[in-house]
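Down below is the structure, laid out as structure tokens.
These numbers were taken from a predicted model, which means no experiment stands behind them. Naming convention: chains lettered A, B, ... in sequence-line order (proteins, then strands); numbering from 1 in each chain.
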2 protein chains.
Amino acid sequence: MLTGRQLLILQVIIDDFIRSAQPVGSRSLSKKDDIPYSSATIRNEMYDLEEMGLLEKTHTSSGRIPSEKGYRFYVDHLLSPQALKKKDMSQIQSIFADRILEIENVVQRSAEILSQMTNYTSIVLGPDHHENKVKSVQIIPLNQDSAIAIIVTDTGHVENKRFTIPPGLNPEDIERMVKILNDKLTGTPLVELHDKMYREVALFLKRHIANYDLMIEAFAQIMNVPVHDKLFFGGKMNMMNQPEFNDIDKLRMLMDVIDKEDYLYPLIKENSGSGIQIRIGKENNNEALKDISLITASFPVIGGQSGSLAILGPTRMEYSRVISLLNVISLDLSKALSSFYDADDK
Amino acid sequence: MLTGRQLLILQVIIDDFIRSAQPVGSRSLSKKDDIPYSSATIRNEMYDLEEMGLLEKTHTSSGRIPSEKGYRFYVDHLLSPQALKKKDMSQIQSIFADRILEIENVVQRSAEILSQMTNYTSIVLGPDHHENKVKSVQIIPLNQDSAIAIIVTDTGHVENKRFTIPPGLNPEDIERMVKILNDKLTGTPLVELHDKMYREVALFLKRHIANYDLMIEAFAQIMNVPVHDKLFFGGKMNMMNQPEFNDIDKLRMLMDVIDKEDYLYPLIKENSGSGIQIRIGKENNNEALKDISLITASFPVIGGQSGSLAILGPTRMEYSRVISLLNVISLDLSKALSSFYDADDK
DNA sequence: TTTAGCACTCAAGATTAGCGAGTGCTAACA
DNA sequence: TGTTAGCACTCGCTAATCTTGAGTGCTAAA
């Protein structure tokens with residue numbers, strides 16, 4: 001168990017290091033007002049803290065830096081939730097000031113502002129589209145051979161795709177088809193769309209439309225919603241400003257991981273619904289992220305869904321500030337996006 | 001005027017430097033098979049070429065590197081159009097293999113493949129939307145207060161925006177409105193939309209719809225097409241791999257310019273219709289781009305419009321290869337996108 | 001238990017030496 | 001007269017050496 005003095009010293013060391021990115025020595029600590037001990041005393045305590053694995057040295061005679069375990073202890077026990085400044089708050093409000101926005105818009109702007117406020121990289125994952133329900137289906141013919149299919153969901157999300165009109169289909173057929181699709185598909189969650197097309201809609205089409213099989217093929221194919229939702233990034237380049245990434249090779253490794261969204265996606269998705277989660281350094285199980293901490297927060301949206309937001313920064317991260325920010329923004333996002341889902345439809 | 005030997009030497013030096021990024025010395029040149037002169041002779045020629053401002057030294061006793069003027073001469077007089085390898089060609093074909101794609105899709109994939117093939121950063125600007133004509137207007141109510149407005153253009157481009165339904169408007173009003181909008185607006189270029197709404201459509205709405213002014217306001221507002229079209233990037237990070245950007249500060253400066261699309265946009269747009277254009281180093285008139293060359297190509301699309309593509313790389317760029325690639329791809333893009341505009345919609 | 005003092009360590013910066021790739025110039029050569 | 005061999009010289013790199021200073025661990029005294 002740690003003594004109060006050890007806690008104090010650990011806290012100050014970590015706070016200091018987060019600010020300066022420089023190893024912290026005993027002498028500079030003893031000069032601080034909140035620390036009334038001599039450097040020798042602090043050295044002894046540091047020694048103990050190092051033995052416990054909470055601190056590290058970069059070389060034998062250097063000051064101490066927090067170890068991963070140290071950061072872990074810090075976030076678990078030492079972190080005092082820090083109130084946000086007025087300036088920060090008002091900046092956040094600005095995201096949600098405009099009443100009329102698309103979901104994507106809100107999400108993208110959240111990511112941008114979050115990264116701008118933290119100088120880290122932010123990642124936002126909007127609520128899953130897959131559960132959204134079809135509100136309306138439209139087919140707009142462009143010319144003889146091609147048409148645009150449009151699906152609008154109850155949340156106002158619009159999917160559109162161009163497709164080839166099977167030969168021998170005339171405008172009346174299309175009109176009839178749109179009617180059938182709307183009758184049958186309205187209210188269907190996007191995930192079930194493909195199935196339902198074949199299971200239920202096919203029969204009807206068969207009855208009313210020539211070449212229904214070609215048509216259904218063409219149409220079903222375009223309903224293939226992408227495997228996972230889009231991640232929205234803010235400040236991808238911000239990590240360039242962190243001293244730990246002055247080395248261009250490290251930066252490149254990191255960027256590779258960030259750009260390969262496949263890896264990040266599950267990490268961020270995973271969190272769904274369990275508040276704030278912090279992954280420090282090797283806890284990420286990825287060589288390129290070994291000096292990175294990832295803080296994720298999820299926000300529920302009406303209807304049992306949820307989105308997530310995440311901040312990716314150096315292990316030496318302003319945990320307290322980031323957590324506060326994520327808390328506030330996830331709450332706001334929750335409210336803002338719920339209003340989209342709150343459609344009193346039917 | 002340059003002698004044949006000087007031309008040869010200049011060419012070889014530039015080719016060599018483009019490959020190696022290292023200053024080229026007289027001895028290593030004299031060893032090459034195509035150069036039957038002694039190092040001393042070459043030194044004399046180099047001296048002359050330097051006097052003419054075509055070559056430079058990095059320090060008094062270093063080998064030579066091409067100056068900007070040297071590159072300019074190279075691209076203007078020395079460049080032999082290099083035939084593309086089969087592998088390259090087939091990779092390009094793959095972009096256009098899928099018949100059914102949205103314009104955005106083709107454009108984005110072109111940018112990606114272009115950057116991947118060159119290891120530079122690519123930028124593609126699709127043909128201007130502003131001239132696209134309205135094909136169909138739809139309004140899909142989501143609930144009491146909000147609805148989605150959708151505009152489909154003749155090229156299959158879909159714009160959609162959420163808006164608030166002015167109070168006191170009932171579903172029949174909306175249906176009538178959609179009918180009027182389609183009657184009046186079909187065939188209108190996007191740029192003229194806003195104007196036409198007020199000039200011609202307003203009158204009709206007034207006659208048929210209560211609260212027409214609120215509605216028109218809401219609707220016109222969402223028609224505001226963004227000031228300029230979106231640039232599609234490929235390989236934003238590729239410049240990290242160029243030795244000239246090993247310095248993280250240079251990289252940061254460059255990234256700032258790339259991310260601030262405002263600056264790049266006119267450079268790329270400007271070219272419209274004048275074939276391939278090359279801007280070397282300071283010709284870009286931008287401190288951050290002083291070690292950068294920008295090669296732009298424009299491709300016409302049926303209907304008098306055009307798009308552009310650009311490659312941004314170090315001044316030490318594989319000009320010949322890049323130009324060949326741009327030529328081929330711009331031709332293909334021209335064909336591919338024209339097919340979208342080729343709608344037989346009278 | 002705390003602190004003062006001291007010997008010791010080590011990274012980082014400055015200085016120096018040596019190497020090698022390259023140049024410019026001169027004189028000899030075809 | 002154009003070309004080449006030879007030589008002195010330059011200068012960026014790299015490795016080696018020195019110096020400095022911030023920091024530690026340990027011991028002994030308060």
Side-chain angles (χ1 to χ4, degrees), chain A residues 1-10 12-17 19-67 70 243-244 246-247, chain B residues 1-10 12-17 19-67 70 243-244 246-247:
Chain A
M1 209 30 224
L2 292 176
T3 66
R5 190 165 68 188
Q6 286 173 328
L7 289 175
L8 174 65
I9 290 178
L10 180 59
V12 174
I13 288 179
I14 297 187
D15 285 340
D16 216 67
F17 184 69
R19 220 177 6 81
S20 69
Q22 295 298 323
V24 184
S26 57
R27 214 175 107 77
S28 70
L29 272 191
S30 76
K31 282 206 204 117
K32 295 200 186 240
D33 289 344
D34 13 349
I35 307 225
Y37 314 105
S38 77
S39 63
T41 310
I42 295 168
R43 278 202 290 283
N44 289 330
E45 298 287 23
M46 280 172 152
Y47 185 92
D48 293 345
L49 288 167
E50 185 174 354
E51 282 226 308
M52 289 181 247
L54 299 172
L55 293 180
E56 286 175 356
K57 286 187 283 194
T58 62
H59 58 90
T60 35
S61 72
S62 77
R64 302 304 208 286
I65 63 172
S67 68
E244 24 274 276
N246 266 349
D247 178 8
Chain B
M1 209 30 225
L2 292 176
T3 68
R5 189 166 69 189
Q6 285 173 330
L7 288 176
L8 174 65
I9 290 178
L10 180 58
V12 175
I13 288 179
I14 297 186
D15 285 339
D16 216 68
F17 183 70
R19 220 178 7 80
S20 69
Q22 295 297 324
V24 185
S26 57
R27 216 175 104 77
S28 69
L29 271 192
S30 76
K31 283 207 204 114
K32 295 201 186 242
D33 288 344
D34 13 349
I35 308 227
Y37 313 106
S38 78
S39 62
T41 310
I42 295 169
R43 276 202 290 284
N44 289 330
E45 297 288 23
M46 281 174 153
Y47 185 91
D48 292 345
L49 288 168
E50 185 174 354
E51 282 225 310
M52 289 181 249
L54 298 171
L55 293 180
E56 287 175 356
K57 286 187 284 193
T58 63
H59 58 91
T60 37
S61 73
S62 76
R64 303 303 208 288
I65 62 172
S67 68
E244 24 273 277
N246 267 348
D247 178 7

Rounded to whole Å, please give me the gap between [atom1] in [X] and [atom2] in [N].
{"X": "B:Ile42", "N": "D:dG2", "atom1": "CD1", "atom2": "P", "answer": "18 Å"}
{"X": "A:Ile65", "N": "C:dA11", "atom1": "CD1", "atom2": "C1'", "answer": "14 Å"}
{"X": "B:Leu29", "N": "D:dT4", "atom1": "CG", "atom2": "C1'", "answer": "16 Å"}
{"X": "A:Ile9", "N": "C:dT2", "atom1": "CD1", "atom2": "C1'", "answer": "12 Å"}
{"X": "B:Leu55", "N": "C:dG22", "atom1": "CG", "atom2": "P", "answer": "14 Å"}

To the nearest 0.5 angstrom, please state how far the CD1 atom of B:Ile9 sits from the CG atom of B:Asn44. 9.5 Å
Is A:Ser38 near enough to C:dT3 that one of its side-chain N or O atoms lies under 4.0 angstrom from OP1 or OP2? yes
May I ask you to test the B:Lys57-B:Arg64 pair for a side-chain heavy-atom distance under 4.5 Å?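 B:Lys57 vs B:Arg64: side chains touch.
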Heavy atoms, side chains only, cut-off 4.5 Å: are A:Leu49 and A:Leu2 in contact? yes
Just by distance, do the side chain of A:Ser67 and the backbone of A:Gly53 share a donor-acceptor pair under 3.5 Å? yes
Please name the pair of heavy atoms, one in B:Ser26 and one in B:Ile42, separated by the smallest distance, quoted to 0.1 Å.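 Smallest heavy-atom distance, with atoms named: O-CD1, 3.9 Å.
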Protein within reach of the bases, or only the backbone? For nucleotides 10-30 of chain D, mark each nucleotide 5' to 3' as B, S or -, using heavy atoms under 4.0 Å. BBS----------BBB-----
Using distance only, find each side-chain donor-acceptor pair of residues 27-37 of chain B under 3.5 Å and give its atom names and separation, not counting sequence neighbours.
{"from": "B:Ser28", "atom 1": "OG", "to": "B:Gly25", "atom 2": "O", "distance (Å)": "3.1"}
{"from": "B:Ser30", "atom 1": "OG", "to": "B:Arg27", "atom 2": "O", "distance (Å)": "2.9"}
{"from": "B:Lys32", "atom 1": "NZ", "to": "B:Asp16", "atom 2": "OD1", "distance (Å)": "2.6"}

